[in-house]
Amino acid sequence: MSLKGIYWILCSLLLAILSILTYVSIQSNLILFYLLEGLILLTFILLLFFYRKVVKPLHTIGNGMSLLQEQDFSSRLNRVGEFEADRVVEVFNRMITQLRNERLHLREQNQLLDLLINATPMGVLTLGNDESITSLNPTALKILNINKPEEATGKKLKELDSILAYELSTLSMNEVRTVRLNDANIYRCSLLSFINRGYKHPFFLIESLTDEVRKAEKKAYEKIIRMIAHEVNNTTAGITSTLDTVEQALGDIEQTEDIRQVMRVCIERCFNMSRFITNFADVVKIPDPQKISVNLNELLLSCKCFMEPHCLNKNIIIHTNLCNILNEMRLDPILFEQVIVNIIKNAAESIEENGKIFITTTQNPVCIEISDTGKGISKETEAKLFSPFFSTKPNGQGIGLIFIREVLFRHECTFSLKTYADGLTKFKIIFKTT
């Protein structure tokens with residue numbers, strides 16, 4: 001029961017007792033009657049004074065405590081006309097105004113922080129105390145290839161079907177690591193922490209470096225290729241011309257056939273060197289895509305027919321499983337044919353002899369998957385596949401996958417090359433849908 005209720009009960013009992021005594025005294029003693037009447041009046045005045053001095057201020061302060069308990073920071077307490085109580089009311093009102101302002105400021109800051117996190121081009125992923133995912137911003141969803149936050153919330157990083165998620169799970173606190181994936185994407189990943197309600201919560205920052213690194217790599221190798229091509233072509237042209245002239249001059253001299261043969265070998269090597277460096281220069285000169293509507297199934301069947309004789313010579317069978325309701329896509333058919341042919345050629349070289357290549361298309365999403373039964377790709381090799389001039393072949397130039405990467409980036413496709421648990425090495429190309 002509240003103090004105010006007890007007060008009114010006490011008042012009622014006290015006045016009731018005095019009233020009974022007054023009723024009894026009026027019949028026996030008139031003087032006692034007047035004394036009791038005066039006592040009742042005095043008691044009434046004292047009760048009123050006690051109410052104003054004690055009960056009302058305590059009731060007002062109790063209302064204030066209720067406001068704080070309900071987190072109502074918009075209401076204020078009225079003054080009660082008592083100096084000490086009014087001082088408490090004034091301090092309370094000042095305190096609750098400050099709480100309201102701080103809460104409003106904090107809410108505005110949180111709203112700004114939410115807007116910044118959702119708009120930032122960096123992926124932000126937070127974890128709970130049990131290392132399960134509590135939140136992801138839109139960039140993190142896109143990077144991890146997750147459609148909705150609900151698909152990842154409550155799960156641990158290792159439970160997600162993502163190579164990047166696995167790499168994140170291996171980070172130590174305050175560690176910064178650059179990760180290059182098998183889809184040619186590069187990320188700078190950081191594991192940091194923040195304090196919330198006295199507890200430390202870990203969170204990841206994922207910054208995409210793909211475009212910056214790709215542009216820097218391209219600028220670097222373009223400059224190197226142009227310089228090398230210029231020097232090599234100029235040198236080989238002069239050597240070839242000189243050797244050809246000498247070889248012709250020796251034609252009229254007897255017993256010079258051995259020397260002339262050496263000359264022809266040198267000339268052929270110069271031509272091979274020129275063709276070798278021209279292959280690198282072609283990567284630099286990839287034209288901008290001239291996009292038209294193309295039936296992917298027809299394009300893939302055309303590439304299959306082109307590569308089938310080469311594969312059959314090695315007893316490699318190409319199987320197709322094409323979606324009949326596949327939408328037409330806007331792409332450059334010439335560049336894309338070169339991409340598909342290169343992928344099939346790499347698959348055949350991985351198999352060497354006696355194997356299978358599978359070409360599959362799907363509609364949702366629009367995807368091309370070319371898989372093979374070759375020797376596979378190691379984890380160490382995966383991250384280097386799309387690096388400039390990297391090749392696992394003894395005499396490889398490392399430009400095939402760079403060409404594929406550049407063409408697919410220009411078509412805004414996402415892609416990956418990986419050996420899966422079933423032993424198949426799969427090159428997946430996923431088209432951007434509008």
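Model, not experiment: these values are computed from the prediction.
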Between [X] and [Y], what is the shortest heavy-atom contact and its length?
| X | Y | result |
| --- | --- | --- |
| F204 | L168 | CE2-O, 3.3 Å |
| G376 | S350 | N-OG, 4.1 Å |
| I357 | I344 | CD1-O, 4.0 Å |
| N354 | I316 | N-CG1, 4.3 Å |
| E352 | K314 | O-CD, 3.2 Å |
| C189 | L171 | CB-CD1, 3.8 Å |

Checklist entry - Can you check side chain to side chain contact (heavy atoms under 4.5 Å, CB included) on L160 and I146, steps first, answer last? => result CA-CA 9 Å; L160 300 181; I146 299 172; 4.2 Å; yes
[X] side chain near [Y] side chain, heavy-atom distance below 4.5 Å:
| X | Y | value |
| --- | --- | --- |
| Q338 | F403 | yes |
| V179 | I163 | no |
| I430 | C413 | no |
| L157 | Y166 | no |
| P149 | L141 | yes |
| K156 | I133 | no |
| L424 | D372 | no |
| I206 | L164 | yes |

Checklist entry - side chain to side chain contact (heavy atoms under 4.5 Å, CB included) between R188 and V176: does it pass, once the steps are laid out? => result CA-CA 7 Å; R188 180 187 288 123; V176 180; 3.7 Å; yes
Checklist entry - Tell me, which pairs form a ring pair (Phe, Tyr, Trp, His ring centres under 6.0 Å) where one or both residues lie in residues 335-364, sequence neighbours left out? => result H319-F358, F336-H411, F336-F431
Item to check | Audit row: L192, N174, side chain to side chain contact (heavy atoms under 4.5 Å, CB included) steps and yes/no | outcome: CA-CA 5 Å; L192 306 170; N174 298 320; 3.9 Å; yes
Donor-acceptor pair, distance only, cut-off 3.5 Å: does the side chain of [X] make one with the backbone of [Y]?
| X | Y | value |
| --- | --- | --- |
| R330 | K291 | yes |
| T425 | K418 | no |
| S162 | A165 | yes |
| S193 | K200 | no |
| T362 | P365 | yes |
| E207 | L205 | no |
| E369 | K426 | no |

Quick one: [atom1] on [X] to [atom2] on [Y], what's the gap to the nearest 0.5 Å?
| X | Y | atom1 | atom2 | result |
| --- | --- | --- | --- | --- |
| C303 | I370 | SG | CD1 | 8.0 Å |
| T320 | I359 | OG1 | CD1 | 7.0 Å |
| M329 | N327 | CE | CG | 7.5 Å |
| L136 | E151 | CG | CD | 10.5 Å |

Looking at [X], I'd like to know if its [atom1] atom is crowded, meaning that more than 12 non-hydrogen atoms belonging to other residues, nucleotides or ligands lie closer than 6.0 Å.
| X | atom1 | answer |
| --- | --- | --- |
| K356 | NZ | no |
| E131 | CD | no |
| N145 | CG | no |
| D130 | CG | yes |
| L115 | CG | yes |

Checklist entry - Between T120 and N137, does any side-chain donor sit less than 3.5 Å from a side-chain acceptor? => result no
Next on the checklist: Using the ring pair (Phe, Tyr, Trp, His ring centres under 6.0 Å) criterion, which residues pair with Y420? Sequence neighbours excluded.
Outcome noted: none
Item to check | Worked verdict on L301 versus L322 for side chain to side chain contact (heavy atoms under 4.5 Å, CB included) | outcome: CA-CA 9 Å; L301 289 173; L322 307 180; 3.8 Å; yes
Next on the checklist: Any salt bridge linking R177 with E167? Criterion: basic side-chain nitrogen under 4.0 Å from a carboxylate oxygen.
Outcome noted: yes
